[in-house]
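Scroll down for the structure; my scribbles are underneath it.
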Amino acid sequence: MTMIFGIPVQAFLGQLLVGLINGSFYAMLSLGLAVIFGLLRVINFAHGAQYMFGAFVGYLLLTHLGIGYWPALILVPLIVGVFGVVVERLALSRLYDLDPLYGLLFTFGLALVLEGIFRYYYGVSGNPYAVPPLLAGGTNLGFMFLPNYRGWVVVASLIVCFGTWALIEKTRLGSYLRAATENPRLVQAFGVNVPLLLTLTYGLGSALAGLAGILAAPIYQVSPLMGSDLIIVVFAVVVVGGMGSILGAIVTGYMLGLAEGLTKVFYPEASNLVVFVIMAIVLLVRPAGLFGRDA
Amino acid sequence: MTSAAPLLAVTGLNAWYGEGHALHGVDLEVFAGETVTLLGRNGVGKTTTLRAIMGLIRKRTGRIAFDGKDLMRLPLHRTAHQGIGFVPEERGIFATLTVDENLVLPPVVAQGGMSVEEIFDLFPNLKERRNSPGTRLSGGEQQMLAIARMLRTGVKMLLLDEPTEGLAPVIVQRIGALLATLKKRGMTILLVEQNFRFASRVADRFYLMEHGKVVAGFPVGELPDRMAQLHEVLGV
Amino acid sequence: AEISDGKVKIGILNDQSGVYADFGGKWSVEAAKMAVEDFGGKVQGAPIEIISADHQNKPDIASNIARQWYDTEQVDAIMELTTSSVALAVQGISKEKKKIDIVTGAATTELTGKQCSPYGFHWAYDTHSQAVGTGGSLVQQGGDSWFFVTVDYAFGYSLKDQTTKFVESHGGKVLGEVRYPLGSTDYSSFLLQAQSSGAKVIGLANAGLDTSNSIKQAAEFGIVQGGQRLAALLFTLAEVHGLGLQAAQGVVLTEGYYWDRDDKSREFGQRFFKRTNRMPNMIQAATYSAVTQYLKAIDKAGTDETEAVAKQLHSMPVDDAVITNGKVQADGNMVHDMYLYQVKSPAESTKDWDYYKYLATIPGNEAFLSEKESGCSTAGQ
Amino acid sequence: MTELTLREASAKTSARLEWMLVGLGILALLVAPFLIYPIFLMKMLCFALFACAFNLLLGYTGLLSFGHATFFGGAAYFTAHAVKVWGWPPEAGILLGMAGAALLGLVMGFFAIRRQGIYFAMITLALSQMFFFFCVQSPFTQGEDGIQGVPRGMLLGVLDLNVSLNMYYFVLAVFLIGVFAIWRIVNSPFGMILRSIRENENRAISLGYSVANYKLGAFVMSAALAGLAGSLKAIVFQFATLTDVTWQMSGEVILMTLLGGIGTMVGPIIGASLVIGLENTLATSGFPVTIATGLIFMVCVLIFRRGIVGEFYARIFKRAGKD
Amino acid sequence: MAPTDLDANEPRVVLSARGLRRDFAGFIAVKNVDIDVRHGNIHALIGPNGAGKTTVFNLLTKFLAPTSGRIELLGHDITRTSPARVARMGLVRSFQISAIFPHLSVLDNVRVALQRPGGLGVQFWRSLAALDRLTPRAEELLRSVGLDDARNRLAGDLSYGRKRVLEIATTLALDPKVLLLDEPMAGMGHEDVATVSSLIRSVARDRAVLMVEHNLTVVADLCDWITVMQRGEVLAAGDYATVSRDERVKIAYMGTADD
Ligand SMILES: Nc1ncnc2c1ncn2[C@@H]1O[C@H](COP(=O)(O)OP(=O)(O)OP(=O)(O)O)[C@@H](O)[C@H]1O
Ligand SMILES: Nc1ncnc2c1ncn2[C@@H]1O[C@H](COP(=O)(O)OP(=O)(O)OP(=O)(O)O)[C@@H](O)[C@H]1O
Ligand SMILES: [Mg+2]
Ligand SMILES: [Mg+2]
């Protein structure tokens, strides 16, 4: 059998694929964070909680209303997005003129409340969310058994990431967004309702988190804890990527997913540290991040 | 030309940058179809006047009426919809947007704007570069783009801040010709200009600013009589 | 000798809002109240009172509360004590204050080992009993080659090491291990490594959400269908319920109590269900048993004075709806029979909460460390 | 009446007020153990010192660290290990804990001060998470059991800390020394430069100050003092566990400071007492603590940004202005 | 205003740059700039907005790293030196937007600048009283700029013009060899302009001053040498008379509507 670094090439490929799947979640989450940060200058600490919220909304839709996975895929981002819009209107919009740290602290509080509420009502051991029948089972790829659902997650996340990227890079709404990132006052002087744009952006970022949540539900337990540890890793991803570009956030997400996947094979004990170690190295070599512009 | 009420009337306009008091009671009027130039040395408050009219400076007092409507209370993004377009001093071309995207960025606020095709007819070299990032253009092209993108929106009035600044003489001529064309189409223009020679060719009237105030106003015909004063104030 | 302050006050101190809230949580408090009611509400003519607090998994909050309970609120005993850091801290205080504590919610063998207390008792299970139950018995059932997925800290190691000992002593062998960091969310990589090892049994040396997620993802990758068995070394009914049978089917685990085990346990389980709308897991049930036994001991001693009650607790056998063949060793460990179960498939399950298929019984003296092995210094006295 | 004299008047008022409060506070703390449960008081003092140390960084240097649990919990481990395993006397253990925390602060600060604002916060968070994982996996911390049964020992070989009141007055003394040290640092020539850096970093650079070194210095001092608080706590409670190195703990100290008043001397002390008191109360109330904590955060940020002490001063200023 | 005869006894060059260049993401803000600042001179840097004047300041003071080029201060190569170190070597700047410490008193603003020598900046164990010995010098500086009446006020409460004066006073506290002033007169009233002008003139006697200024009257009146920039490059250099006669300068900056 062919070997790479002492392990069979097939296992190696399998692990790469698994890393890519994790990278999909990192990419989707860091993308949402980057979109929000880019325009609002708010580090959305509640991003992890909104991801968890998305998974729970999916679960509740299923158990209480009998709404299954496919409609939930549309409904969940909508609901979480509307939630984001409300949060932005009621609270975040009051904080823009202040030090960005207040945005961070507010969303931190929000994250605690969201997590606390779900913990209180649904406990912590998690709730089941079955893989939709259409995607049940798996495919033998020769080098590994790939659960169909995971294949779908990779595809879906690629679609979402590049869809968002295209939305922002290729459409009129996107050109408002990008222009407003550069010079919000001027764009507003042109007659664009920038405050509304900010609201929608936060909504969009939240919706992305919610979507990641419902995509994650059939893989991970739907649990109030699912977001809080993940978010710190995603922060590190964002620091590594830098806040320069949407594409940067996406690419870094996938890259670090792969790096983590490889660590899980060669030195699994450190797989939770690898992202942080990469972060430290990047900070030393390129303080603005891989894709970031000088602040 | 000066019979009806002015399209833009500014009275007693004060403005501050933080604690720096930049405008000390500016009064001026611009009538429909006119081209009016604000003259003055660096730092007297010409740019500030335009920015205050647009609402880009929050800390302001006084009255600004446009087309009979009070602009003081409008939120920033509603001002443009009254029919005013702003071409800032630093041009405000967006680096992350292509020429095309820059061009269509400002929303259309009224009927009667030019189509993209018409604009490209007017600025053939922009058409050539329509897919390059906005800030890759030369300074002159950027200036044209900054003016061009306001033409699409159907505004009645343009506020132009030093459109010839840093531009080679040939381009300055082209811009002069453009302003003449716009004027023929009935556009009202409030121009801020350091380049006195250029201003004297395009303007119908002048206001002279000093220390955050308008100190004189006169039509182009009086120019020869005013040269002494201008010499003193502008050093020209 | 009589009842101090005219009443018996038992404090249930556990995690009610944090990561272990499902383990015991509010339900343990409910179980304790049931025990008091079943006992008649009075012991030796004195009223019995249950109070509870949420220690939020913080040992300092727990110690603070424990001290305050003992010093100013006349609490006579503290029970449940989820998570080992809290249990050890409170056991230390109880020892210092000469008060009784009965741990049902923590797994560490330290409680009845080096850090044992003459007044401290460990009721439901510990890492050793889990290891013996699942490790030893599964080998006898034919699962003789193992691969471990171990969470990378002391708890994981001790589960894995103790299990290894029993696997090997029963003639099985361990083919390998992958250690992963606590709080990982994706286990597919580790499971793939386990899968390709070809071991018959994959031992999950972890707990809580980690275990749930590994089982769920193992199902996704078709590991159980592929013929390997999953042995969850610390997993309870509440979590099986949370996971659902679809994902959990086939998992092998050890519990000290299962509601559908016999008539007595069924009767208790159903009464508990009526009050809480859920079946008790082994921790909640053990809290019921611990409270009951404590009250019995007071009754027998005729006083709630610590030494006397502890003496009774050490000498009385435990046999109730929850525990079978229980007896308390000198180190405070209550040894009793443990049971090996396999999670049913959805098809095998015929009613609500019908989750387990019985595989084997592990007698108490095998399941738990003897007092000589425990390393407890007071045990020898 | 000019604005100047008003301000002077209110500055004097607030200085006098502060001294009066300090006097009263010390007095209250001296008699407190006879009225309030001592272990609770000691815990409060430890956290108050922790919050003050944190405030040294946030309030007076303008740096929001999301990783201060590392120093608090890390020092607790070092002290507990030294005292329990190596048999060191408590005072030596505490000094070791402080030194260890300072060293951790040096490493974390080295990376973090390369970025500003929210990046700084995110980097400290990530690095402290690394330290958390280290503590989980490293054998010397004893995993989730924690280092238990740390002996309190004899202070300087003479004072038996197992006596509750002895322990209390020792904690009080250390607390007062710690807070005095912070007060001294803030009101020192060095503190002056820190303030000027916070007010206008570029200007400070142009005056020739190596801003990065000053920030790092402040970071290390804050870390060492946070460590002092953590070490003390390890001796008081006789254990060191993972709880104190989690990121939730870092969040908690932010909450204490924010609630009490960022950049005030007394604020963090009051904030810490409130949060600790609240946690205790909620423990038996059945209301989930995280929700309460989160709500306080949100309310503070939205309408109560100056914190309790900050708002209090603002009131006083206003009143002084009216007279 | 008679142009001084510079060729006769040319004072020594204290700050010089050769081939200075700075790119911003593909955009060249400053290119091929040579500049020499001489002891005892007041040197003006003028040019249209966006010409790169502030960028040149940032490069000279090392707030920005040059993409290429070489900078020398008092004979030392400082191309790779940190900004704080450059300041300690005697090159001190002011900022375009007034740079003071708004919540410190006027006196403290000056004392912060005086604190660094003697290690008074790092002493975290001493009380603020340690700074008292700086007070006389600080007061002297404040007196020299006419701010002594405001010593106890918060700097943020000063009027715009007086803030700039304060900023110059703190700058002088460092006793710099070279002083870089970015638009020192911006936002000042007539009276303040006169005060600051004479202040600058008096401090320039034994040091070099490089200033960006839009007010041509001030420039004509005050400056010994003028460098005109346009679009990142030096367009012309010379004394006011020479420069103001230069056609290119007229076109680019002063305007050409002559007579
Ligand atoms: N963003 C700002 N912050 C503070 N002060 C400013 C700002 N912009 C301009 N000023 C000041 O306000 C005054 C008026 O400036 P303004 O830009 O309006 O002058 P101008 O007449 O347009 O000059 P120029 O010919 O140089 O463009 C000047 O003193 C200037 O220094
Ligand atoms: N950090 C930066 N990133 C990108 N471009 C920059 C940056 N700083 C300056 N520039 C650009 O460099 C050019 C020169 O700017 P600079 O501020 O030096 O001009 P200036 O001559 O000082 O103008 P003003 O008189 O308006 O102050 C401008 O086009 C500006 O947009
Ligand atoms: Mg201007
Ligand atoms: Mg400038």
Side-chain angles (χ1 to χ4, degrees), chain A residues 33 37 41-43 45-46 49 87 90-92 94-95 98-121 224 228-229 231-240 242-243 269-270 272-273 275-277 279-281 283-284 287-289 292 295, chain D residues 58 62-67 107-108 110-134 136-138 198 246-248 250-252 254-255 257-259 262 282 286-303 305:
Chain A
L33 272 180
F37 181 79
R41 302 282 135 186
V42 166
I43 285 288
F45 216 113
V87 168
L90 291 185
L92 285 179
R94 289 155 210 259
L95 302 177
L98 306 170
D99 194 308
L101 295 176
Y102 286 107
L104 176 84
L105 294 179
F106 178 82
T107 49
F108 178 70
L110 180 64
L112 289 183
V113 171
L114 271 181
E115 195 186 304
I117 289 175
F118 281 99
R119 224 145 79 166
Y120 189 70
Y121 287 104
S228 57
D229 287 331
I231 189 68
I232 298 177
V233 180
V234 175
F235 278 167
V237 172
V238 163
V239 172
V240 171
M243 286 300 193
E269 287 90 335
N272 55 342
L273 294 185
V275 173
F276 299 125
V277 172
M279 181 193 80
I281 295 171
L283 276 176
L284 286 179
Chain D
L58 176 62
L63 297 173
L64 173 66
S65 157
F66 231 109
V107 174
M108 189 187 282
F110 174 76
F111 287 98
I113 56 163
R114 293 167 169 261
R115 301 303 304 271
Q116 282 160 355
I118 21 198
Y119 278 101
F120 180 88
M122 284 162 63
I123 291 164
T124 46
L125 176 59
L127 292 175
S128 74
Q129 193 71 355
M130 277 178 87
F131 185 72
F132 170 75
F133 286 126
F134 166 78
V136 169
Q137 292 171 353
S138 162
R198 190 174 71 132
T246 55
W247 61 266
Q248 285 88 347
S250 299
E252 208 162 283
I254 298 175
L255 180 68
T257 313
L258 186 67
L259 180 63
I262 296 171
L282 288 181
F287 190 83
V289 183
T290 27
I291 301 185
T293 316
L295 283 176
I296 301 174
F297 250 107
M298 290 163 67
V299 169
C300 275
V301 170
L302 280 182
I303 52 183
R305 235 162 273 135

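The chains referred to below are lettered A, B, ... by the order of the sequence lines, with proteins before strands, and numbering in each begins at 1.
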Structural part of D/Ala126 lying under 4.5 Å from a heavy atom of chain A
both

Given that the side chain runs from C-beta out, which part of A/Leu95 has a heavy atom under 4.5 Å from chain D: side chain, backbone, both or neither?
side chain

Which atoms of A/Thr107 are under 4.5 Å from chain D, going by heavy atoms: the side chain, the backbone, both sets, or neither?
neither

Counting only non-hydrogen atoms closer than 4.5 Å, does A/Phe276 touch chain D with its backbone (N, CA, C, O), its side chain (CB onward), both, or neither?
both

Which bit of D/Phe110 is near chain A, if near means a heavy-atom gap under 4.5 Å: side chain, backbone, both or neither?
side chain

Heavy atoms only: give me the nearest A/Leu112-D/Gly294 pair and the separation to one decimal.
CB-CA, 3.8 Å

Using side-chain heavy atoms (C-beta onward) and a distance below 4.5 Å, is D/Ile291 in contact with A/Arg119?
no

CH2 on D/Trp247 to CD1 on A/Ile231, rounded to 0.5 Å:
9.0 Å

Given a strict heavy-atom distance threshold of 4.5 Å, which part of D/Phe134 is in contact with chain A: side chain, backbone, both, or neither?
neither

A/Leu114 portion near chain D, given a 4.5 angstrom heavy-atom threshold:
neither

Heavy-atom pairs under 4.5 Å with chain A, option from D/Gln137, D/Arg114, D/Gln129, D/Arg305 with the top count
D/Arg305

Tell me, for D/Gln248 versus chain A, whether the close heavy atoms (under 4.5 Å) come from the side chain, the backbone, both or neither.
neither

Separation of A/Leu105 CG from D/Ile262 CD1 (nearest 0.5 Å)
7.0 Å

Which one of A/Met279, A/Glu115, A/Arg94 has the most heavy-atom pairs closer than 4.5 Å to chain D?
A/Met279

Distance col, row A/Ile281:CD1 vs D/Phe111:CZ, nearest 0.5 angstrom, shows 8.5 Å

Portion of A/Leu104 that has a non-hydrogen atom of chain D nearer than 4.5 angstrom:
side chain

Residue pair A/Val113 / D/Met298, side-chain heavy-atom distance below 4.5 Å:
yes

Please state whether the side chain, the backbone, both or neither of D/Leu258 comes within less than 4.5 Å of a heavy atom of chain A.
side chain

Go through the atoms of D/Leu295 and report whether side chain, backbone, both or neither lie under 4.5 Å from a heavy atom of chain A.
both

Does the gap between the ring centers of D/Phe297 and A/Phe45 come in under 6.0 Å?
no

Would you check if A/Phe108 and D/Ile254 make a side-chain contact, meaning some heavy-atom pair closer than 4.5 Å?
no

